[in-house]
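Heads up, the thing below is written out as structure tokens.
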Amino acid sequence: MNDKNSIWQDTGQPIADRVEALMAEMTIEEKVSQLGSFWIRPAERNSNGEGNVAPMENTFSKDHASFETEIIDGLGQITRAFGSAPLEPAEGRARLAELQRKVMAANRFGIPALAHEECLTGFTTLGATCYPSSIAWGASWDPQLVGEMASRIGADMKKAGVHLGLSPVLDVVRDYRWGRVEETLGEDPHLVSELANAYVRGIQGSGVHATLKHFAGYSASRAGRNHAPVTIGHREFEDVILPPFERAVREAGVKSVMNSYSDIDGETPAASHRLLTEVLRKRWGFTGTVVSDYWAISFLETMHRIAKDQDEAGIISLAAGMDVELPETNAFRNLAQAVADGRLNAQVLDTAVRRVLVQKAELGLLDADWSPEAGWEGEQVDFDSAANRAHARKMAEESIILLKNTGILPLGAQAAPASIAVVGPSASQPRAHLGCYSFTNHVLSRFFGEDSHGIELPSILDSLRAAKNLAGTQISYERGVDFTDLDDSGIAAAVAAAREAEVAIVTVGDLAGLFGRGTSGEGCDVVDLSLPGRQADLVEAVLATGTPTILVLVSGRPYSLGAFAQRAAGIVQAFMPGEEGGPALASVLAGEINPSGKLPVQIPDHIGGQPGTYLQPPLGWYSDGVSNLDPRPLYPFGYGLSYTDFELSELQISDAEIANDGTVEISATISNTGERSGAEVIQLYLSDDFSSVVRPRRWLAGFAKVALQAGESKRVSFSVHADRTSFTGLENERIVEPGSFTVQLGNSSEDLPLTGSFTITGEVREVPEGRVMDTPVQISSVDSTHLQRSLAAPATS
């Protein structure tokens with residue numbers, strides 16, 4: 001039936017017509033085969049046989065059907081051909097091509113499978129560039145940088161024969177104790193949306209489809225526990241959780257979506273017709289495929305207990321709007337029989353099959369001339385090219401956040417210190433720079449142990465010793481403590497080294513892992529926000545020496561620093577900065593790079609009582625006489641210092657009043673008043689002065705990262721549509737409400753020197769689907785004479 005003259009293989013025909021022609025020739029069994037997947041998992045990952053890389057993987061290893069059995073009549077997707085075991089690039093590509101040839105030979109149409117792979121910190125394969133974790137993308141506040149990274153990831157994946165990437169994660173952070181905070185882009189839906197859209201456009205522009213995760217509500221689980229129930233209200237769900245997903249669908253044209261594991265007030269996303277069909281497709285117009293998170297459909301029986309058996313779980317999920325079961329076929333195995341028995345409507349099956357075949361057609365998999373070797377340029381493939389590493393370095397540098405500086409930083413500003421004592425586990429363990437889903441931490445360590453990296457991975461210690469600005473400085477090192485080991489016998493040596501040095505650098509934080517095998521990552525949740533293990537004791541002991549101390553955090557979540565902040569001479573936060581994290585951190589500390597990162601999450605003051613984010617109503621913030629607990633952070637959302645100085649001035653608001661569907665232009669001048677070049681993030685916040693429902697104190701409505709030479713100024717203008725003030729009203733409809741709104745511009749959610757206001761007039765307007773959700777930004781140059789005049793004049797507010 002693989003006829004070169006078939007309509008479905010004719011690229012000159014519309015894809016819809018090609019797919020309908022193919023489906024007309026397929027049996028029910030052949031259709032069902034397109035909705036399943038197969039994962040060739042290695043029998044062992046280390047001498048102990050441990051190493052799950054997906055939740056409850058061992059449970060689903062029983063009665064595992066052979067690849068040859070599963071591909072009869074075809075196969076929907078091949079699961080993680082690269083990201084399951086260490087394979088050299090040429091070996092992995094040849095292996096995937098062989099699997100594809102077998103799939104094509106096993107079905108009468110010769111249809112290949114779609115190959116998917118993880119790509120949260122880069123292409124998850126041996127030897128590929130490991131970029132910073134998603135939380136570090138958030139810290140960069142730079143969509144263009146994220147988009148270029150995604151384009152590079154997509155190009156490498158396409159070259160390897162991979163079609164679908166399981167990224168980005170759009171879960172808005174709601175509780176810092178959740179282990180997967182490192183995989184998120186931050187705690188604000190606008191920041192998450194801007195960066196996620198850039199990622200989707202970047203990777204899909206390279207010919208690889210993106211997959212949004214995890215739809216929806218996953219990050220709001222009770223007590224920050226992985227897979228725990230979610231009990232947020234409808235308004236929070238609509239106004240905080242859903243917007244990044246909606247924008248990626250409407251604006252970026254994402255091709256795939258993956259469900260969340262956690263049930264929402266008893267409703268499981270993998271079985272939710274409301275979410276997968278009513279919201280995603282009917283409201284937002286999504287036309288791509290919905291793929292299950294690994295074993296999420298089976299969990300409907302085993303974990304959620306809303307299905308009596310696997311077959312029923314499959315029927316429920318498919319009817320809800322699921323299209324493909326990952327990572328292997330279990331609950332979808334008997335769908336053909338379900339149709340024959342009348343338990344499943346054949347049109348429901350056809351709908352899912354149609355979506356899958358459209359996606360395959362878009363990727364070229366239905367073309368007559370498609371071959372498994374297409375695009376393969378030989379065996380000399382470098383997935384960690386010099387250009388990739390340079391971009392990873394740039395991303396790491398722009399994501400590093402300077403939280404405190406009494407003048408000790410940069411270390412090489414004038415005369416470098418004669419001696420530096422570096423202590424702490426992060427300095428000598430470069431795996432701490434990598435996220436949970438990096439190939440090194442996710443896969444390689446299961447095979448060859450903690451010292452196997454698979455890529456060049458300079459440590460912080462080695463990078464400091466190589467820093468040009470610290471040439472001639474004597475640098476000693478004492479580990480002090482491990483990440484989780486409670487042995488504190490090394491603290492005494494660390495204290496001795498600190499006492500003998502002119503400056504001490506204490507490096508602490510996380511080592512990512514899976515399901516409790518790390519301090520951060522999937523299934524590595526925490527009870528409070530204290531530093532893991534005995535690391536806090538190490539920090540205390542070094543601070544007690546009186547030696548000027550710089551605290552360096554390399555972590556996947558924010559930790560409480562209130563106990564140390566007053567005594568530290570400097571504090572630097574790096575959120576898992578990737579393979580070039582060591583050199584990037586050394587460059588910031590030594591002054592070769594001017595830090596420009598901003599917090600995508602807040603830094604807590606104390607270890608408990610602050611799981612919430614900056615998006616709080618008045619009663620969620622500090623209120624004297626209401627509670628003895630102060631929820632305010634040590635460092636707020638959007639905060640970050642520089643080695644130069646910036647000044648905001650000349651706020652202008654185009655209109656005092658706008659219509660309920662109008663637009664207001666809000667602009668200001670940003671000036672670099674210091675002595676070196678740098679970049680500042682201008683942040684625009686809005687507050688609803690009075691409203692019919694309780695709203696956040698303020699919310700991020702726009703931002704721009706602006707690079708400025710010393711003495712340079714630029715004008716930044718935001719176009720804010722009335723829809724950007726909309727919210728879910730008392731009747732659960734989205735509305736724009738007339739009234740006054742406060743405008744604030746600054747460099748964090750709490751440092752907002754420019755203040756103004758505008759008023760929305762008219763009646764309450766119900767906002768239809770497809771509202772304006774972005775805030776366009778324009779940046780223009782300002783001449784030096786204007787700068788001199790503006791600095792001499794009083795600030796406008």
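Heavy atoms only: backbone and side chains are in, while hydrogens, waters and symmetry mates are out.
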With distance as the sole test, does Glu579 use its side chain to make a donor-acceptor pair with the main-chain N or O of Cys130 at under 3.5 Å?
-> yes
By side-chain hydrogen bond (donor to acceptor under 3.5 Å, both in side chains), Ser748 pairs with (sequence neighbours left out) none
Can you find a pair of side-chain heavy atoms, one from Val279 and one from Phe215, that are under 4.5 Å apart?
-> yes
Could you give the distance from OG1 (Thr406) to CZ (Arg567), rounded to the nearest 0.5 Å?
-> 14.5 Å
Kindly state whether the ring of Trp137 and the ring of Tyr131 have centres lying under 6.0 angstrom apart.
-> no
Does the pair Arg534/Glu540 count as a salt bridge with the N-to-O cut at 4.0 Å?
-> no
Indicate yes or no: at least one non-hydrogen side-chain atom of Gln616 is less than 4.5 angstrom from one of Pro631.
-> no
Is the count of non-hydrogen atoms from other residues, nucleotides or ligands lying under 6.0 Å from Asp265 atom CG greater than 12?
-> no
Any side-chain heavy-atom pair from Phe299 and Asp293 closer than 4.5 angstrom?
-> no
Intermediate values then yes/no, salt bridge (Lys or Arg N to Asp or Glu O under 4.0 Å), Glu148 and Lys394 = CA-CA 11 Å; Glu148 183 180 342; Lys394 178 69 172 174; over 6 Å; no
For Arg695, which residues count as a side-chain hydrogen bond (donor to acceptor under 3.5 Å, both in side chains) partner, sequence neighbours excluded?
-> Asp688
Is it true that a side-chain atom of Asp142 and a backbone atom of Gln144 form a donor plus acceptor pair closer than 3.5 Å?
-> yes
Hey, could you give me the SG/OH distance between Cys119 and Tyr437, rounded to the nearest 0.5 Å?
-> 11.5 Å
Quick one: does Arg222's side chain get under 4.5 Å of Ser262's, heavy atoms only?
-> no
Val552 side chain near Leu589 side chain, heavy-atom distance below 4.5 Å | yes
Determine, step by step, whether Glu183 and Ser167 satisfy the side chain to side chain donor-acceptor pair (under 3.5 Å) criterion, reporting the C-alpha distance in whole Å, the side-chain angles of both residues, the deciding distance to 0.1 Å, and the verdict.
-> CA-CA 10 Å; Glu183 299 179 45; Ser167 290; over 6 Å; no
CE (Met576) and CG (Leu511) are apart, to the nearest 0.5 Å, by 7.5 Å
Flag, side chain of Gln535 to backbone of Val481, donor-acceptor distance under 3.5 Å | no
Looking at CG of Leu531 and CG of Leu553, how far apart are the two atoms once the value is rounded to the nearest 0.5 Å?
-> 6.5 Å
Heavy-atom count around Arg235 CZ within 6.0 Å, excluding the residue itself: above 12?
-> yes
Taking C-beta and beyond as the side chain, do Leu551 and Val542 meet within less than 4.5 Å on heavy atoms?
-> no
Have a look at Glu522 and tell me which of Arg180, His227, His442 forms a side-chain hydrogen bond (donor to acceptor under 3.5 Å, both in side chains) with it.
-> Arg180
So, Asn441 side chain and Gly435 main chain: donor-acceptor pair closer than 3.5 Å or not?
-> yes
Any Asn405 side-chain heavy atom under 4.5 Å of Tyr643 side chain = yes
Would you confirm whether Asp188, through its side chain, and Leu191, through its main-chain N or O, come within 3.5 Å as a donor-acceptor pair?
-> yes
Are any of the side-chain nitrogens in Arg174 or Glu236 under 4.0 Å away from the carboxylate oxygens of its partner?
-> yes
Under 30°, 30 to 60°, or over 60°: which ring-plane class applies to Tyr218 and His214, parallel, tilted or perpendicular?
-> perpendicular
Can you measure from CG (Leu745) to CG (Asp751) and round to the nearest 0.5 angstrom?
-> 11.5 Å
Beyond-backbone contact of Tyr176 with Gln602, side-chain heavy atoms, under 4.5 angstrom = yes
